[in-house]
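All remarks here apply to the structure that follows.
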Amino acid sequence: MKPVERAKLVRSLRQESRRLRLLVLVIGFFLVTLTFVVISKPDALLFNLNGRLSVDHAPRSLLIRQRIHADSRRSADTFPAAEDPKVVDEDEGAEDATAKGTSEEEKRLLSSEPEQGQNEEAATASEVLGGGGEEDNKNGEEEGHTQHSKVTLPTVSNYTIRDAEDTDNGKQEDGKPNGKYEFEMDADKGDNVEPETDNEEWNKKPLCDFSNFRANVCEMRGNIRIHPNASSVMYMEPASSKRDEIWKVKPYPRKGDELCLGHITEITVKSSKVAPECSKYHNVPAVVFALTGYTGNLFHDFTDVLVPLFTTASEFNGEVQFLITDMAIWWTRKYKVVFDKLSKYPLIDFNNDDQVHCFKHAIVGLHAYMEFTIDSSKAPHNYSMMDFNRFMRRTYSLPRDFVTALGEIPKAKPRLLIISRQRTRMFLNLNEIVAMAEEIGYEVVVEEANVSSDLSHFGKVVNSVDVMMGVHGAGLTNCVFLPQNATLIQIVPWGGLDWISRIDFGNPAEQMGLRYKQYSIGVHESSLTDQYPLDHEIFTNPLSFHKHGFEFIRQTFMDKQNVKLDCNRFKPVLLEVTANLDYVLKISFAYQIV
């Protein structure tokens, strides 16, 4: 081989060697990154594996209907002028959705320190609902009944008129049974048997109640067969009964949200005189509910599952059996301490169970009301958010039920927790905020809350403080761990989000016995000023941009906005909170002396 050819061959081999090394480095980097993601945030991969939706695609139809129901009970003047429906991003459960409607009076340029929402007119909400996704429904027994197909159109009228399915879903002819239909129970189940009830009264009621705007719930007492393989719950009728009912239920409290419910297993609830034989008997009530939907986001974990589950199951004092459709094992492990507190029995994976379970009392679906709240006038035993707050503190063995009295701990300062964020809606001047709070006299704690946070640890941190503050987002859901009379301060981003911020966290906080302050940032405190000129319509009339739809609202006012808090403007708010806290502490201390 000639020297020239040999040199060319060597250069060629060297180039191939460099390419191979580069390829190995790229593959290695990818594997390291993937390993880090799996270890630090396993749910990031499990979301799609469990068929759950990203809250990024969550239409806020429920919020629109909540507003309509609320408006029917109170004057329109009760709400702030700016009322945006909410939007959700992929890691925050409490955002705003699309809205339409603008104000004639919002033509002026906002000053350097405007109070957001002072001159905004109420906006009428509408949104485009998505649909589809693969359903994991199982085929039940055919009874000659036609299943109704429910379509939600992107108009407000869908939320003010009851769906035809709600009235036609239950087909029945009233009839009275001759007597109770009883069946034998397992002797080894224990002595905690639910008291016998007057089934005559229950037999007069429909099996399901579809009147609630947020959730459909079925409740039965008598001879009940739950057959997961057929996705059916059968209420056994005496031979002489003329009752004939069949209902289709998706046991997840997002009624009307077709995109979300498209991924929930549908259960058939029906009355029947013929059913498969029992293979397992239970002497405690059953509660059937779903875990798919928007779970995996802290706000939705609570508003869609934990709060409704507490409302539905607390009355049984642990003597209740949970059957979960669309179960996510990692999620049940994350909240194992909550499940253990509500039920003494192992969870049953509805989709992977082949037994025929027999109960005397069963509830399909969860009692749910407004976002992240409990309607004590309708809830079983008049449960309230104050009860839920107490339940969460006891479940996680948190020491403080009330804010600490001044002087109880020598030289102790009031503690302030700042919820920081690392992706969107960040505090751009966090160090300046901390210094200002310390100057006032606070001991400041800064923590980041995300889906992978250790809830037990984070709960202890939250319970140890007197004041918690953060920008609107799912991290504020941790207020459930605050002691009574503590204060929650919510920082509202620019964009007319005042009303929805109060709905998501303000009202629930006050119902939990907390003090609440809401601070809406001005134009000069928003990072949007780096992207748009001050005379841009996004500042002079932000509601006009809501007509561009959900995606625009999310990207503009949520994903692309950070906050540079004006400490001089915010300081009086924190001083007022300090004064109120001082008053509460003195009252608490006086009460303890008495």
Side-chain angles (χ1 to χ4, degrees), residues 385-386 389-390 392-394 396-421 427 429-449 453 456-473 475-492 501 505-506 508-521 563 565-594:
M385 283 301 288
M386 194 170 291
N389 176 244
R390 185 183 304 112
M392 292 302 295
R393 292 197 307 268
R394 292 177 179 176
Y396 284 90
S397 303
L398 302 179
R400 299 176 75 212
D401 289 328
F402 299 92
V403 290
T404 306
L406 288 175
E408 184 175 325
I409 303 177
K411 299 182 180 180
K413 298 179 179 180
R415 286 168 59 86
L416 168 66
L417 170 63
I418 300 177
I419 303 293
S420 67
R421 300 169 56 89
F427 283 122
N429 59 333
L430 182 59
N431 292 336
E432 183 183 355
I433 298 171
V434 171
M436 181 266 295
E438 289 177 340
E439 180 184 344
I440 291 176
Y442 280 96
E443 177 186 347
V444 181
V445 180
V446 179
E447 289 278 354
E448 179 186 1
S453 298
S456 179
H457 164 74
F458 210 88
K460 288 181 173 62
V461 173
V462 174
N463 186 252
S464 71
V465 305
D466 306 297
V467 182
M468 185 175 91
M469 65 174 282
V471 181
H472 175 72
L476 298 184
T477 311
N478 288 288
C479 67
V480 296
F481 301 115
L482 284 171
Q484 293 285 295
N485 295 324
T487 302
L488 174 67
I489 305 176
Q490 179 174 198
I491 310 300
V492 182
S501 297
F505 297 110
E510 291 175 344
Q511 291 180 24
M512 281 187 278
L514 307 176
R515 290 175 173 264
Y516 176 73
K517 292 292 292 182
Q518 185 162 302
Y519 177 87
S520 299
I521 71 170
V563 175
L565 208 61
D566 183 340
C567 288
N568 291 328
R569 182 173 178 243
F570 179 72
K571 188 174 183 178
V573 176
L574 198 55
L575 285 171
E576 181 183 350
V577 170
T578 307
N580 291 335
L581 183 64
D582 185 39
Y583 173 77
V584 170
L585 292 175
K586 288 178 179 178
I587 292 297
S588 175
F589 184 62
Y591 176 78
Q592 291 181 16
I593 293 177
V594 172

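These numbers come from a predicted model, not from an experiment.
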Value rounded to 0.5 Å, distance of [atom1] in [X] from [atom2] in [Y]:
X: S456; Y: F481; atom1: OG; atom2: CZ; answer: 8.5 Å
X: Q511; Y: N389; atom1: CD; atom2: CG; answer: 11.5 Å
X: I521; Y: I491; atom1: CD1; atom2: CD1; answer: 9.0 Å
X: M469; Y: Y442; atom1: CE; atom2: OH; answer: 10.5 Å

Could you check if a side-chain atom of [X] sits within less than 4.5 angstrom of a side-chain atom of [Y], using non-hydrogen atoms only?
X: V577; Y: R515; answer: no
X: V445; Y: S464; answer: no
X: L574; Y: M436; answer: yes

Check against side chain to side chain contact (heavy atoms under 4.5 Å, CB included), I419 and F458: CA-CA 11 Å; I419 303 293; F458 210 88; 3.8 Å; yes
Pair R400-D466, side chain to side chain contact (heavy atoms under 4.5 Å, CB included): steps then yes or no: CA-CA 10 Å; R400 299 176 75 212; D466 306 297; 2.8 Å; yes
For [Y], is there any backbone N or O sitting under 3.5 Å from a side-chain donor or acceptor partner on [X]?
X: Q490; Y: S501; result: yes
X: R393; Y: L398; result: no
X: R390; Y: D401; result: no
X: E576; Y: K571; result: no
X: N463; Y: K460; result: no

Where [X] and [Y] come nearest, the two heavy atoms and their spacing:
X: M468; Y: L476; value: CE-O, 3.7 Å
X: N478; Y: G475; value: ND2-O, 2.8 Å
X: I418; Y: V434; value: CD1-CG2, 4.1 Å
X: V461; Y: E447; value: CG1-CG, 4.0 Å
X: P414; Y: G441; value: CD-O, 3.7 Å
X: L514; Y: C479; value: CD1-O, 3.8 Å

From CA spacing to verdict: side chain to side chain contact (heavy atoms under 4.5 Å, CB included), I433, C567: CA-CA 6 Å; I433 298 171; C567 288; 4.1 Å; yes
Partners passing side-chain contact (heavy atoms from CB on, under 4.5 Å) against V573 (at least two apart in sequence or in another chain): K517, Y519, F570
Test salt bridge (charged side-chain N to carboxylate O under 4.0 Å, His left out) applied to E443 - qualifying residues, sequence neighbours left out: R415
Step-by-step side chain to side chain contact (heavy atoms under 4.5 Å, CB included) determination, M512 to L482: CA-CA 9 Å; M512 281 187 278; L482 284 171; over 6 Å; no
